[in-house]
Every structure is written in structure tokens, then in C-alpha cells.
There are 6 protein chains.
Amino acid sequence: MRADERQPLQLRPIQIDTDYLIHPEGSVLITVGNTKVICTASVEEKVPPFMRGQGKGWVTAEYSMLPRATGQRNVRESAKGKISGRTMEIQRLIGRALRAVVDLDAIGERTIWVDCDVIQADGGTRTASITGAFVAMVQALHRLYQTKKLAKYPVKDFLAATSVGILEGNEVVLDLNYIEDSKANVDMNIVMTGNGEFVEVQGTGEEATFSYSQLQELLKAAQEGISELFEHQRKAIGEEARAKIEGNASK
Amino acid sequence: MRADERQPLQLRPIQIDTDYLIHPEGSVLITVGNTKVICTASVEEKVPPFMRGQGKGWVTAEYSMLPRATGQRNVRESAKGKISGRTMEIQRLIGRALRAVVDLDAIGERTIWVDCDVIQADGGTRTASITGAFVAMVQALHRLYQTKKLAKYPVKDFLAATSVGILEGNEVVLDLNYIEDSKANVDMNIVMTGNGEFVEVQGTGEEATFSYSQLQELLKAAQEGISELFEHQRKAIGEEARAKIEGNASK
Amino acid sequence: MRADERQPLQLRPIQIDTDYLIHPEGSVLITVGNTKVICTASVEEKVPPFMRGQGKGWVTAEYSMLPRATGQRNVRESAKGKISGRTMEIQRLIGRALRAVVDLDAIGERTIWVDCDVIQADGGTRTASITGAFVAMVQALHRLYQTKKLAKYPVKDFLAATSVGILEGNEVVLDLNYIEDSKANVDMNIVMTGNGEFVEVQGTGEEATFSYSQLQELLKAAQEGISELFEHQRKAIGEEARAKIEGNASK
Amino acid sequence: MRADERQPLQLRPIQIDTDYLIHPEGSVLITVGNTKVICTASVEEKVPPFMRGQGKGWVTAEYSMLPRATGQRNVRESAKGKISGRTMEIQRLIGRALRAVVDLDAIGERTIWVDCDVIQADGGTRTASITGAFVAMVQALHRLYQTKKLAKYPVKDFLAATSVGILEGNEVVLDLNYIEDSKANVDMNIVMTGNGEFVEVQGTGEEATFSYSQLQELLKAAQEGISELFEHQRKAIGEEARAKIEGNASK
Amino acid sequence: MRADERQPLQLRPIQIDTDYLIHPEGSVLITVGNTKVICTASVEEKVPPFMRGQGKGWVTAEYSMLPRATGQRNVRESAKGKISGRTMEIQRLIGRALRAVVDLDAIGERTIWVDCDVIQADGGTRTASITGAFVAMVQALHRLYQTKKLAKYPVKDFLAATSVGILEGNEVVLDLNYIEDSKANVDMNIVMTGNGEFVEVQGTGEEATFSYSQLQELLKAAQEGISELFEHQRKAIGEEARAKIEGNASK
Amino acid sequence: MRADERQPLQLRPIQIDTDYLIHPEGSVLITVGNTKVICTASVEEKVPPFMRGQGKGWVTAEYSMLPRATGQRNVRESAKGKISGRTMEIQRLIGRALRAVVDLDAIGERTIWVDCDVIQADGGTRTASITGAFVAMVQALHRLYQTKKLAKYPVKDFLAATSVGILEGNEVVLDLNYIEDSKANVDMNIVMTGNGEFVEVQGTGEEATFSYSQLQELLKAAQEGISELFEHQRKAIGEEARAKIEGNASK
């Protein structure tokens, strides 16, 4: 049993509060154990320069942590004047993952800006961001659809993410908290669709390696955890959006 | 009567949620109408280079807004690679205001980092930040005192802030929301102590001016509003801290 | 009596040399005691992006100090690669103050760039900048008017600024030099118009506070000092511009 | 058969020229098809601040492309003043991968700086960098060992990397060139050790997804390609280093 | 005789490998002793903003060193976030020198981007860059001419550069390597045309000076060295380009 | 005769006002025609990191222009966040030139910071800066010597600079103003010592070249102009400093 009394393949308690803020077109507060992330989706009526004139849309993400989201205060990236490699990696991952389930042709020349701001961190902030950002994005796109700005429902399937890892005693665990993450030999982030397809598989041994059979075990643990996350997302987005997405996914 | 049905000299509803986050030494979520700011206070066991070796402490503040705290999404300052003049002005103001009620000698060679992150903005973010930051800072300093790290209680008095302004019809109003603020001819931010002393008086006519008698009216409106804020702070910080601060203030 | 033999409410000697440089449309060297600032006004035939298409003009200011304007050499902001919070605060203040007396509609889609470069500093550089910048700006706008580029005289009133403060012995003083400024408990910068209206009131207690009655005393001292500054400005700008501005101000 | 007449699971021609430059402690030019990367390893007799005093060493990597390594000229990152997210991701990956096969305790408080500069790009630059950087790093560490600066041979196993992907017709291919990479639905980079363990598995569907069985096929293709790369590395590093590494790997 | 057994006025061995890379319109690897520079020329079908609409082209250069081109590893300028004064000086020099022999009217509204990347440094990197960049630029312009994009052959004359200096014993030497350069009292870089005209003469005494007669001796040494460099360039560019340039130069 | 009625080899009127500012250890306003530069010298009691522990001093220079020193307003380098290549080239030149006449051993571990701020520009700002900076530096070093901080007089000789050029009609002219400079085919800056030795010779043909005999003519013109500058410097620095420097120079 783990320090927080979870079973190895048990997720932490999840909560997704929708319409968390008044201004954005979509916004949620996602809570995964002690990790809390505000995810917002903003609609901009143009696309970045490299996309112009193609009649297609774009989805992009930014990620940040409040300075005191963590045990020690971190210097703000705005104060340093530059974004760390870690932040860039995470925001590229979130954007790429979301684009895998969006029909960019269907949203027209619009950009969906997804912002994930971690207000409290206890491991798994990038996967919680993806899981929460999906819901915020669906809200924003659903409104565009409802107001007849889109002819076709643009969300192709559900999308959620979790982490799995191998702890020192060689045990495979699901949804690592910060303490577990910092002790893990292998850390893997998995993003999947509602249909059970992979979008991202990022496994890393920091000063360690992992075998083929361990990799299989990690993938299986992630698949089970992610199925559970889809349940929370289905409730959060409401019946109408759920039906539309499941309709698209079953084609 | 105002658009949100308030009287001219009526504050918006205030709420101060303490211990809002698990990691910081002090943290609050302050809500002033639709304005919401997370204020945290972090203790660092050293002072900036220009203060070293004097046996004194330092209090410094940083301020930021989430990109979608506002009606339109703002580009992150970390992405721009620099902090705007507005942000700098605000964080200098918050730090200076807090230092006015802290006995820097009493806190020893420590820095109190105060972070004010606006998650939702509807006018008055800088004054809400000061009012909330005071509470977060008291929590952090109170813990240092309780754990015997400080010989003397370091908070000299209460500190809160509000805005006042002159609307187009020449009406003096208290605690302006965003719509009012953008239409006001004169905008004034006032920071005061529990003893009724001024710490900051910043009055600005943007493409307008104000007379001596208008200034008097503005000051009076602010004084009344701020007295009410102290009530909220007193409740938020708890009986023990309140008694200590009032003891210091009455000397 | 003060260290430099002035009375508490006595200004330092003022000098405003006009047409100080050959290239700018307006330029002065303003001397206030040992503080010397070169103020220039440049006319650009366009406005910043956020102003375009409104038929209105804009006035903006930049402020800088030569590295050896002060007792110790300061690192250049160009070498640091960023502008300090103090500089940003000051240049925002100067621009805002000047705009209060300019009819932006009357200048058309033009930007007046005001540059204040401190070549020698002894306290009061921001208020000397405002007082000198007003004269340089009037010169530039006067030329536009004389050459028939403006239909209406765009300067609505005189504008000048000074500082007041409370020294340690609780004495209110006018026009603080550097030594006084660094010892003052309260420091206040006041910007006023020729009609006696306030444009900016910025009072700050650094690790100190001030009472309502002290505030009244400070305001009164500033008003008297600023009246004297208007005399110097009237001489500097010449009879024709003076008549035009006074005509506008009396409407 | 592929455009360049390769079988789906065939690598491009590989060449590793060692001691390519006179100054670095280790240097190679690795050629993989038309992709050419100069990899150097430099020994610095200290570690970064966060590692000091632990008696351990560090391995870190930097990656860059000449502006005209590609079909279109790219603006230099030094001219832009910042490093792109893609570059950061790649250099973090290279460093992490190399550290997985280095005994950091055995190298003492030293940093091995690995620089991978792509002089010609045709897909697979990050995996070619890892494969080449391993050889340059072994050269540098081997010299430290030969000159008795290290008590223990610090390289624990071989390390190489390649890419695999799924092309539009659902075909799994090995070692994608630029044209294939830009058309692939799924792109996966795999880093493995001589013992057949995984160090990194990074699979990404850009606007696409992949199934569990496709993932298995990709992993298998990568394993075969990487075995061949080890043969080139063994020849490049020479008999003595090869024996030492294989001795460590068999423990 | 010098440390590397050269006579005082003897150049190091020169080699110019053309078509060194597959992507650029022109590319060479120039080797001068142990100094090796990759020079590429890229054609862009537009000019910088300050040149637009004049019907003329532009030639600009960038220069960089790999971090381990030198005996000690240098921090990358992209990592520092800014370009050093030395780099700026060199790239301005290369661009200016090349423009002296190009008929900018003849190339139309195009920019020739010349990139000089030093992969190994042993003194004389800026002069080797100019000598090699000339050849890469001729290749790119020659292709434009051959494909009928230019009506007139745009290269007016040959262009090459070398360094001369005064060593401690007052001896004038040609083509200094790194060791000589770091001990020289006077260092001079000379750029000349095939017709024997000067384009740049940059002589510098670092903590030293030089007389009129020494200056004459330095100029003479450079002239002789540069004549030899033209021989290498003539071979490298091929018969057809050579004839065209010599035709232009003899007008 | 030239547009400003000068003979081809005639300097513009020169004026050197010493002790121009109250704070710096040395300061002058140098006027060369319409070019005006404030040069200051500041003494810092330490050297940069790369010089520490050698018992030697350092002289370094910074150069800047006020935004409206020129006919068109220039964006400040602090606002751009970086220093231009032109500025870097000039400040490196000024520092290098001054170091050629200073005995760095004699000044001990001190840095002399020389700041040249152009308040009005009409060509020749870099050479006026060198000529003026020499005087400011002598003042600062003279004070160190007078207060017995230096055992040996550290200035080895006089140092001054001017520009020469070739105008379109092939005429060699001395001390070019801005109009002449922008039309010149060849522009050369020469720095010389009181003994008639060269410190810097920087001749550049922008889209032009120059012959050996033209070079000789340019050098001769510069020599004559510089002799006259030494007369102004001798008067400016005073009898005592002059005697000391001439004593050193005649050794």
C-alpha cells in the first residue's frame, strides 16, 4: 500500500469544477489529489501566421505554475524573462494532445488558446492539465457549435491522460504524487482517446532503464486509470456534448 | 444607484478564505465582487544582497494576472519575456505598503515573498491584492512568532486598501468595478493603517483633473470603505493575531 | 533652516534654457538646484496601434539617467537589457501628466514623444522632468500650430510638478534634494495645472505613515511651490504661446 | 519500397568519424543518410550549482542547427535571443539519455558538456545526435580513465537511438528521412541500451492516434534498428573502450 | 622562423571545398591551417524593410563559432540570449566587405544571406570567413545568373582577406595563428579586391601602438598574402564564374 | 570649399568644457561643430572577473546617444532590450584606444569606466568621444595620483581621434559632418598618440574601394587634424597633468 493509503493501481480522488471563471469561453478547476489546475479555453477569431488562408483552425496551449504552487517558492518565468525547457515541453505536449481529437477543418480560421495554470502541485500536473483542458476546450467549442458558428461538431473523441511509474522496489504504480514521482526510476505519461487509442506515450528512465515487459505493465496500468478519467469528463461536459462526441467517435 | 445596484459609497461583497493552499506559510483567496486574487506569503531565510548584514528583514511582492482573468485574453508576461510597467508599478506598491506595517528589525534576516495572482479581474485588483496580502503575510509571520523564531511580534498595525473615483457625472464612488474604472475621470487608490493613518495616496486624472474639494471627498470615501475592510481582516486572521496587532498599534 | 540654507517652503533656483538642441521640435535644459534634465519633444506623424483610426493624437514619455548622473555610477538599462520598475513608473507618470493638459483631438493622428534625460541628479528628477517636458512639448506643439498643421491650439493649461515631504523632525519641506529625500519619512509628488487643479497626487510613506492633517499641510506646500514654477514656464515659452494657453485655460 | 529505395525496416547508411576536431576531449561527425551532426564532448572540472558537494558528476547536452542545415534558412536562435521549445526538448532528451548509461558517482565532480551541432538535416537529427554523442562522450571519459583521473570505468552500457513511424498507408517504417517524417501520422523516438533495455520511448500522433498493436510493431522495428547502430558504435570507440563497457554491462 | 615552421610572410595551407552541403545555394568548407569555417550563401526573394521598393538587393552576413571550436568551451550565444560585441563586429565586417564587390542593382530585390560558422578555430577566423564567404556567394549568384534570374553578372571583382601583425620582437608576420595572435602587439585585418584596391583596413594596437613605417610594412605583407588567396578562389569557383568576374573587374 | 565653408583639411570648431558635472571623478562636454558629447570617467575600486588578482587595472567604455541627438528620433536601446552592433563596435573601440595610453599596472586593481553620451550628433561622434574621453579619464586619474593612491603617473601619452574620408568627387576631407559622412565613399577613423604613433586605423569602403595612394593621403590628413586636437586637450587638462604626460611620453 502507498503512503497515501492507495492501492498501486488506484487513482487519487478527482474533481472537475466547470464554469469556474466568468470570463473565458470554457474554464474548469481540476483537482487530482492535492494537484489543482485552472484550465481555461479562449476563442480567438484568427490563426497564427503559419496557418493563414488554409481555412483550418488551431489549438495551442500554455502552462504555468504559481510561484508557490510547490513546497519551495519558484522564481516566476516572467521575472527570469524566459520560459524554462520543462514548461515548453509541457505546453507543446498539451497542445499536440488536444489537436489529436479536434477536427481542425471544422473549427474554421480560429485559434483555441488553452491555458493551464497550476495553483497547487503534487505530481501529475501535466496529465491533470490535459484531462482538465479537454473539458474546458469542449465547453468553448460546444458554445461555438450551439451559436451556429460551426457546421460540424469538431470534437472527435474524448481525451485524458495520467502518469504511471516504477518505484524503487520495482512496483508499477498509477497516478504518482510528488513524493513518488521524485523517487521513481521510470516515469511515463500516457495520453489516450475514448476509443482506447494512444496519442502520446512518453516513458523516461532518469538514470535508469526499463524492460519490454515492464513497459507492457505500465501501458496496461495507464489504460485502466484513463478509463476512469473519462467517466469524470463525461459528467463534467454534460449530456449534449457527450452525445455529440460519442457520435463522432463511433464513426 | 450604480449598475450593480450599489450605493455610491458601498463596497462590493468581500470574502477572505484563509489557508487556501497547502504549501505556503500563508495563503488566502480574497474575493471583492467578481475580483478574485490568490495571495500567498513565503518565508525565505535570507535577504536580498542590498540588505545583507544589517540584521533586518525585507518584505517584497510580486503581482500577476492569469491570461484569462480578463474579458480578453492577455499575452503572458513570461511569453513576452518582460514585465509590463503596470505590473511593476503594482508590485512595487504592494511591497511598499506592506513594509509600512512590518517591523523589519523584528523579523531578522528573512525575506517575506508575497505573491498576488489575480485569477479573475473586475477592477480593484491592486487594492484587493494589498488587503488580501496583508492577511497572508500575517499568517506567515504569526507562524514564525508561534514557533519562537521571532522575539517580538512584527506586525505594527492593520493595513488595507481600496479605490475611489469620480465618475462622469461628477459623482464620487467607492470600490470601482472594471466598467466604472474605465469610465472614471479620476481614479485614486488609498492604503491606510488600522490607526487611520495614510500609507499611500495615489490619485490620477487620466486626461482630466480634480479640485482640492473633490480630493477631500475622495479621501473621506476611502476612509469609510477601508474601516469596513479591517473588519473582514480581523475575522480572517483569528483572535490571537488580532490581539497582538492591536496591542502593537495602540503603543 | 535646511542644509543648503533654504527655508522649509523655498524652492531651489530654477532655470529653463529653451531650444537647447538643434534637432528636436522642442528642447529645454531644466535646472532645479543641482538637478539637470534635458527634455525634448519630437513629433511623429502617426499614433501607436491601439490609437489608430480615431483621429486623435497621443503623448508619451521616456525617462532615463546618464550612468553618472548620480554619486555612484549606475549600470545602463540598455546594458541590463531591461528597464527598471522605477523608470517605468516615472515615464508613465510623465506621459499621463502631460496628456491631462493636451487636447488629443486637436493634434490629430500624431504622437508627441517626450524624452527626459537626467544628466545630473540631486533629487526631484521626476518633477523637474514634468516641469521641463511641459515647456519642450509646448514648443513642439506651438510650431505645429504656427505652421497651420493644427486648427485649434492644443494646450489646455499650464502644468508643473514638485515634491514635498516630511523630514524626520516632522517638518514639512518643499522641493527635496537627494539627501533630504533619502531621509524623508514621507515623500509626495504633486502635479498641478495653472488653474490650481490636481493632476497627480502621489504620497508614499516608506516604512512610515502620515496623518490626515499632515496630508493637508503637504498639499498646501506643494500648491505654493508650483505657482512659482508657472512663472518660470511663462517666461520660457514666450508671449504668444502663453496667451494661447491662458486663453484656453480661462474657458 | 521507400522513395530512397530502402526496405521499410532498413536503416540509412551510417558513418561515425571519430576525432573529427582537434580541440574537444571527444568529437565525432556522425552521418545518417544525409543527416550530419558534429558531436563533441568537453570535460569541465566542476558541476552545476545544484550538484555541488555531492561528489557526483553531471552530463548535460546542447543541440543546435546551422541556419542552412535545412532546405529553408532558419533564423539563428542567438539572433532571436531565445531558444525554441523544440531545441530545449531535444537537448533535455539527449542529456537525460546519456545520463542513463553513465555512473555519475564514478566521474567525480565534473561536468561532461555534450554539444550536438547539426550541419545538415534530413530527418532523425535528435536520434543521430544521441548515437553520435554517446561515442564522443565515451572518448572523453575514456581519456579521463586512461589518465587515471577516474578509479572506475564510468560507462555502464552502450546507448543508441533511432526513429520509427507509421506512414499514411499504415506502414511501419524505420529511420525516417525528412520527407517521410513530415508525412508520418505517428512518430516515435526510441533510445535503448546495449542490454536491450529502454531509456526513452516517445511516441506522438500529430493529429492522429495509434493502437496498442501498432505500438508493439513500432517498438520491435526500433529494437532491430538500434542493434545495428551498436555495431557502428563498437567499431568507432575501439577495442579497449568496448571491452570496458561490455564488462560493465554484463554485471 | 615561426613555431609552425612558416616564414614570416608565408600563409598557412589553404583548402576550399565547394558544394560542401546539399541544401544551400552556395556552400564551402574553407580550411586555413587549423581554422575551418563552413560558409553558406542563401538566396531570399525579398530585402529587409529599409531597402524595399528601391529595386536593389542586399548582402548580409552572420558569424558564429561552435562552442568547442576553441581550446576552452564557450557558452553559446543562444544560451546567453544575446550576441557578443565581437560577433557583431565580425558579421558587420563580413557583410560590408562582400557588398563592396557586388552590384546590388544587378541582383534585384533579393537578399543574399551569408552564414559563416567556425567549426574549428586557430586564429584568422574572420578573414577566412570573408575569403570563403566570397566563394559561397559567387556560387549562389552564379546559379541565379545561369537560371536567367539576373540580366547582368553581379560580381564586380574578387575579394579576399587576411591578417597581418607585429609580434613582440617587432617582426611583421602574415596570417597569424591563435598563439601568435594572442601575443601580437598589433593586429591588422585587410580586405582587398582582385584589382588591388582596399575594402577594409582595420589595424589595432592592444595596449600598444605602431608607427607610420610599420603600417606600410603591414600593408605590403597583406597585399602579397591576399594575391595568393585569389589563386585558390579562382580554382574554387570554376572557369565560367572566373571569366565573368574578371570581365567585370577589367572594365 | 565645403558646405559649411571649411577647407578640405580644416577641422570644425572644438571646445572642451571640463568639470562639466558635479558627481563624476572626471567629466567634460566636448563640442566638435554641432556634435556634442558628455564624457565622464568613474573610478571603481575593483576590476572585472577576468582581471582579478593580477594587480592590474582596466579601462572600459560605454557609448550611447540620446534618442533625439539626431534628426530623426531613435528608439532607445534600453527599450529595445539590446545594444546594437554599431554601439558595441564604438564602445569597444573607445575602450581599446584609451587602454593604449594607460599604464594598467600603475592604476592597481581599479576600473576606470568611461561613459560617452552623445547629446547632439552631426557626424564624428566616435572620434569626438575618444578625444573627450581622454580628457575626462586624465582628470580622474590625475585625482587618484594627487591623492597619493597611485605611485606612478599612469597616462603614457596624449590620445585623440578624428575622421577622414573621400567624397564623391574623389576629394579627401578631414572631420566629416553628418551630411558629408553619409555621402562619402570611404570613411576612415584614426586614433593617434601625442608621439605620432597609430593606435587604430579603421578604413572602410561602403560599396566602394580605395587605392594605396588614397590611403596615404587619408593618413596624412588625419595626422594633421589630430595634432590640432592635442592643443585643445593640453589646455583642457591643465599644466600639471600636461607636464606629467609629456614626461612619460618622452621616455
If you count the non-hydrogen atoms of other residues, nucleotides and ligands that lie under 6.0 Å from NZ in B:Lys80, is the total more than 12?
yes
Would you mind checking which part of C:Arg99 comes under 4.5 Å of any heavy atom in chain B, side chain (CB onward), backbone (N, CA, C, O), both or neither?
both
Exercise: identify the closest heavy-atom pair between B:Ala100 and C:Ala208
CB-O, 4.0 Å
Can you tell me which of C:Gln202, C:Arg92, C:Gln91 forms the most heavy-atom pairs within a distance under 4.5 Å of chain B?
C:Arg92
If we define contacts as heavy-atom pairs under 4.5 Å, which of C:Gln216, C:Met188, C:Lys156 has the most with chain B?
C:Gln216
Residue among C:Glu200, C:Gln223, C:Lys82, C:Gln214 with most heavy-atom pairs under 4.5 Å to chain B:
C:Glu200
How close do B:Ile83 and C:Met88 get, heavy atom to heavy atom, and via which atoms?
O-CE, 3.5 Å
So, taking the atom named OG1 in C:Thr209 and the one named CG in B:Asp157, what distance separates them when rounded to the nearest 0.5 Å?
8.0 Å
Minimal non-hydrogen separation, B:Val199 against C:Phe210, with atom names
O-CE2, 3.8 Å
Turns out that what part of C:Leu219 lies under 4.5 Å from chain B's heavy atoms comes down to side chain
Can you tell me which portion of C:Ser84 sits under 4.5 Å from chain B's heavy atoms? Options are side chain, backbone, both or neither.
backbone
Straight-line distance of B:Glu207 CD to C:Leu98 CG, nearest 0.5 Å
12.0 Å
Which portion of B:Thr204 sits near chain C, non-hydrogen atoms under 4.5 angstrom
both
So does B:Tyr178 have more than 12 non-hydrogen atoms from other groups sitting under 6.0 Å from OH?
no
Please find the pair of heavy atoms, one from B:Phe198 and one from C:Tyr212, that lie closest to each other, and give the distance.
CE1-CA, 3.7 Å
